[in-house]
Amino acid sequence: MQDRNLILIGFMGSGKTSVGLKLSYRLKMAVEDTDKLIERREGRSIRDIFASDGESYFRRKETQLLRELTKKKQSTRIYSVGGGTPVNPENRPLLKQLGTVIWLRIRPETVYARLEGDVTRPLLQCEDPLGRIRELMDERREAYAACADITVDVDGLEMEKILGRIERELRLEK
Ligand code: S3P
């Protein structure tokens, strides 16, 4: 159990949700995924939200939720957030306020290989997904770096190694 929340950030496909789940067993902390919280509230999938109301509507919901979470008084937990959450400068201090931010850093080629055929990420439904991933990653790198307290390079690493690195960094932080 940590005395602060842990926030997992990183590009789509970097493993935030699965690392969050595994980490929650290891550290005995509840885990929540902000995309899932938004989907539950809205009663529809991210894909449907983007299709009916557009990205900016989704981004407003993201910021609104982050604000609420920073005000919540509850036992510490792990949050995995959407890949685009750190992009809005308004969200960055909210993420930092919410807890210790862990960036799962990944290379575009790894994302492409992992998400080939995925239809749930509206931003990657295009002619040239790899090009789009590269472009978005270039745009976002600084935003991720600006939020991160801990950075873990996940390319080619098994889950156990990723968890081990996160735990080591958390001990060093103390
Ligand atoms: C997005 C990432 C998605 C989801 C939405 C937008 C992004 O979450 O929030 O499709 O802008 O990178 P994951 O990172 O969990 O795929």
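For ligands, and for the atoms within them, numbers begin at 1 and follow the listed sequence.
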> Looking only at atom types and distance, does a side-chain atom of Asp48 sit under 3.5 Å from a main-chain N or O of Ala51, one as donor and one as acceptor?
Replying inline: no

>> Just to confirm my output: which protein heavy-atom neighbour is closest to atom 6 (C) of ligand 1, and how far is it?
In response: Arg59 NH2, 3.9 Å

>> Looking only at protein heavy atoms, which one is nearest to atom 14 (O) of ligand 1, and what is the separation?
In response: Lys16 NZ, 2.6 Å

> Which one of Ile150, Thr100, Val19, Leu27 satisfies the side-chain contact (heavy atoms from CB on, under 4.5 Å) criterion with Ile166?
Replying inline: Val19

>> Starting from atom 4 (C) of ligand 1, what is the nearest protein heavy atom, named by residue and atom, and what distance separates them?
In response: Asp35 OD2, 3.3 Å

> Does any N or O atom in Phe50 lie less than 3.5 angstrom from one in ligand 1, N or O only?
Replying inline: no

> Okay, side chain of Ser52, backbone of Ile49: is any donor-acceptor separation there less than 3.5 Å?
Replying inline: no

>> Taking Arg44 first and then Asp53, would you say they form a salt bridge - that is, a charged N and a carboxylate O separated by under 4.0 Å?
In response: yes

> Which of the atoms in ligand 1, numbered in the order shown and given with their element, are less than 4.0 Å from a heavy-atom of Pro122?
Replying inline: 10 (O)

> So, Lys72 and Glu68, do they make that salt bridge, N to O below 4.0 Å?
Replying inline: no

>> Within the 4.0 Å heavy-atom shell around Phe58, which atoms of ligand 1 are there?
In response: 9 (O)

> Among Arg107, Arg105, Lys161, whose salt bridge (charged side-chain N to carboxylate O under 4.0 Å, His left out) with Asp153 holds?
Replying inline: Arg105

>> Students should be able to answer this: which protein heavy-atom is nearest to atom 5 (C) of ligand 1, and at what distance?
In response: Ile46 CG2, 3.9 Å

> What about Gly84: any of its N or O atoms under 3.5 Å from an N or O on ligand 1?
Replying inline: yes

> Counting distance only, does the side-chain N/O of Asn91 pair as donor-acceptor with the main-chain N or O of Pro86 below 3.5 Å?
Replying inline: no

>> I want to check something: taking the side chain as every heavy atom from C-beta on, are Ile78 and Glu32 in contact at a cut-off of under 4.5 Å?
In response: no

>> Please work out, at 4.0 Å between heavy atoms, whether the side chain, the backbone, both, or neither of Thr120 comes within that distance of ligand 1.
In response: neither

> Should you measure from each heavy atom of Leu123, which atoms of ligand 1 turn up under 4.0 Å away?
Replying inline: 7 (C), 11 (O)

>> Quick test of your reading of the structure: of Arg121, Glu39, Arg140, whose heavy atom lies closest to atom 12 (O) of ligand 1?
In response: Arg140

